[in-house]
Amino acid sequence: MILVTGATGKVGRAAVHQLHEAGVDVRALVRRPESVTFPSGVEVVRGDLSDPGSLDTALDGVHAVFLVWPTLEADAAAPAVIRRLAEQARHLVYLSARGADERVGAVLGSHGYLERLIAEAGVNWTFVRAGGFAGNDLGWADSIRTEGVVREHYDAWARSVIHERDIAAVGVGALLEGHIGVVYEVTGPESLTAPQRARIIAEVLGVPVRFEKTSREQMLAEMSTWMPVADVNTALLGMDEMTARPEPVLPTVAEVTGAPAHTYRQWVTDHVADFR
Ligand SMILES: NC(=O)c1ccc[n+]([C@@H]2O[C@H](COP(=O)([O-])OP(=O)(O)OC[C@H]3O[C@@H](n4cnc5c(N)ncnc54)[C@H](OP(=O)(O)O)[C@@H]3O)[C@@H](O)[C@H]2O)c1
């Protein structure tokens, strides 16, 4: 039995489907079982990663875990949760982030912290360090739908954004085949700036989409709606630095799964309904 956390999210949901299709017993950890649907045969169990005591039923009989962590939000509970997972499971595949480093704080600091807790817990582990998710661009869906516009501050930041199915596939490969103690750095197959991605969205949807560069103050205000201001400042400094160094295109997805990583155009095609 493999437990998948974050099972209603982008990567977790894809992992549940892929494990199920591979014929593996899979259990989805969710906070609100009444509001989710999965293919029949997938077990759905209620649990909250910020409350270690809520995980006992979900962990019963589990031998491996695909761990999608609610970064920052549940960090206070992380030591107890990781201890509990390590007591029960033989293999933990953790969805981390490229650049994970406890010293840098904010999101990357949280991923570094989780990686350390896992490495120290005495459980077999695999880390899947993902670059930027193509799925982040779903944040543009409302303004594309209502105004035909994409607004971003970092217009020159070239990112090799990755399809959630590819991140899940690397994690699933590790769950099914081992890959113990391996750190996978995963990216999409092409490097694209935000204006280039907006153009691809326009082409796939067949509607005009223009790009508007926002100010740093607007970006700070927008991010502060979902992240503490100190973390936003850290994140913005990180993005300044990354703009100067485009994200690399790495071959990991093809190497692990045997299939090329999906292009951004394919990702948009898979999400047309989300943008219309
Ligand atoms: N976005 C990127 O570019 C990127 C890059 C590298 C790594 N990552 C990492 O990937 C992970 C997923 O990020 P995302 O933004 O893509 O996630 P997402 O799709 O929004 O999914 C988040 C999932 O976590 C669940 N969740 C939230 N709080 C929870 C809690 N307290 N207990 C149990 N489940 C909880 C949510 O369930 P509900 O349905 O209950 O809300 C949802 O299923 C994060 O750790 C993130 O840092 C992201």
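For clarity, every value in this text was computed on a predicted model and none was experimentally measured. Residue numbers count from 1 along this sequence. All ligand and atom numbering here is 1-based and tracks the order in the structure.
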Below 4.0 angstrom from a heavy atom of [X], which ligand 1 atoms are there? Numbered from 1 as shown, please.
X	result
Trp69	44 (C), 45 (O)
Gly132	3 (O)
Leu95	10 (O), 11 (C)
Arg32	38 (P), 39 (O), 40 (O), 41 (O)
Asp48	30 (C), 31 (N), 32 (N)

Original post:
Strictly by modelled atom types, are Asp48 and Ser54 linked by a side-chain donor-acceptor pair under 3.5 Å?
Top reply: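 The answer is no; no qualifying pair exists.
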
**OP:** May I ask you to check whether Trp267 and Glu164 show a side-chain donor-acceptor distance below 3.5 Å?
**Re:**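 Yes, a side-chain donor-acceptor pair sits under 3.5 Å.
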
Hey, does the side chain of [X] reach the backbone of [Y] with a donor-acceptor pair shorter than 3.5 angstrom?
X	Y	answer
Thr5	Val68	yes
Arg276	Leu205	yes
Thr225	Ala221	no

Subject >> Side chain, backbone, both or neither: Arg98 near ligand 1, heavy atoms under 4.0 Å >> reply: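 Answer for Arg98: neither.
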
**OP:** Answer with side chain, backbone, both or neither: which part of Glu73 has a heavy atom less than 4.0 angstrom from an atom of ligand 1?
**Re:** side chain

Subject >> Nitrogen or oxygen of Gly47 less than 3.5 angstrom from that of ligand 1 >> reply: no

Nearest to [atom], what protein heavy atom do you find, and at what distance?
atom	result
atom 12 (C) of ligand 1	Val68 CG1, 3.6 Å
atom 33 (C) of ligand 1	Leu49 N, 3.5 Å
atom 19 (O) of ligand 1	Lys10 N, 2.8 Å
atom 41 (O) of ligand 1	Arg31 NH2, 2.8 Å
atom 4 (C) of ligand 1	Phe133 CE1, 3.3 Å
atom 21 (O) of ligand 1	Gly9 CA, 3.3 Å
atom 36 (C) of ligand 1	Thr8 OG1, 3.8 Å
atom 25 (C) of ligand 1	Gly6 CA, 3.9 Å

**OP:** Using a strict cut-off of less than 4.0 Å between a Lys/Arg side-chain nitrogen and an Asp/Glu carboxylate oxygen, indicate whether Arg31 and Glu73 qualify as a salt bridge.
**Re:**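 Judged by the 4.0 Å cut-off on N to carboxylate O distance, Arg31 and Glu73 do form a salt bridge.
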
Original post:
Would you call Glu190 and Arg197 a salt bridge, using N to O less than 4.0 angstrom?
Top reply: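 No, this pair does not count.
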
Subject >> Asp60 and Arg27: CA distance, side-chain angles, deciding distance, salt bridge (Lys or Arg N to Asp or Glu O under 4.0 Å) verdict >> reply: CA-CA 10 Å; Asp60 187 36; Arg27 183 178 294 159; 5.6 Å; no

Looking only at heavy atoms of [X], does any of them come nearer than 4.0 Å to an atom of ligand 1?
X	answer
Val30	no
Gly131	yes
Val11	no
Ser96	yes
Ala74	no
His111	yes
Thr5	no

Subject >> Derivation of the salt bridge (Lys or Arg N to Asp or Glu O under 4.0 Å) call for Glu115 and Arg129 >> reply: CA-CA 10 Å; Glu115 286 189 1; Arg129 289 185 175 175; 2.8 Å; yes

Original post:
Hey, which of Gln266, His262, His17 is the one that makes side chain to side chain donor-acceptor pair (under 3.5 Å) with Arg165?
Top reply: His262

**OP:** Assess the pair His20 and Phe38: is the distance between their ring centroids shorter than 6.0 Å?
**Re:** no

Subject >> Test salt bridge (Lys or Arg N to Asp or Glu O under 4.0 Å) applied to Glu203 and Arg265, step by step >> reply: CA-CA 9 Å; Glu203 285 165 13; Arg265 188 174 293 275; 2.6 Å; yes

Subject >> Atom CZ of Arg145 with >12 non-hydrogen neighbours under 6.0 angstrom >> reply: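 It does: Arg145 CZ has more than 12 such atoms within range.
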
Original post:
For the side chain to side chain contact (heavy atoms under 4.5 Å, CB included) test, which of Val62, Val65, Val24 pairs with Met1?
Top reply: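 Of the listed options, the one satisfying the test is Val62.
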
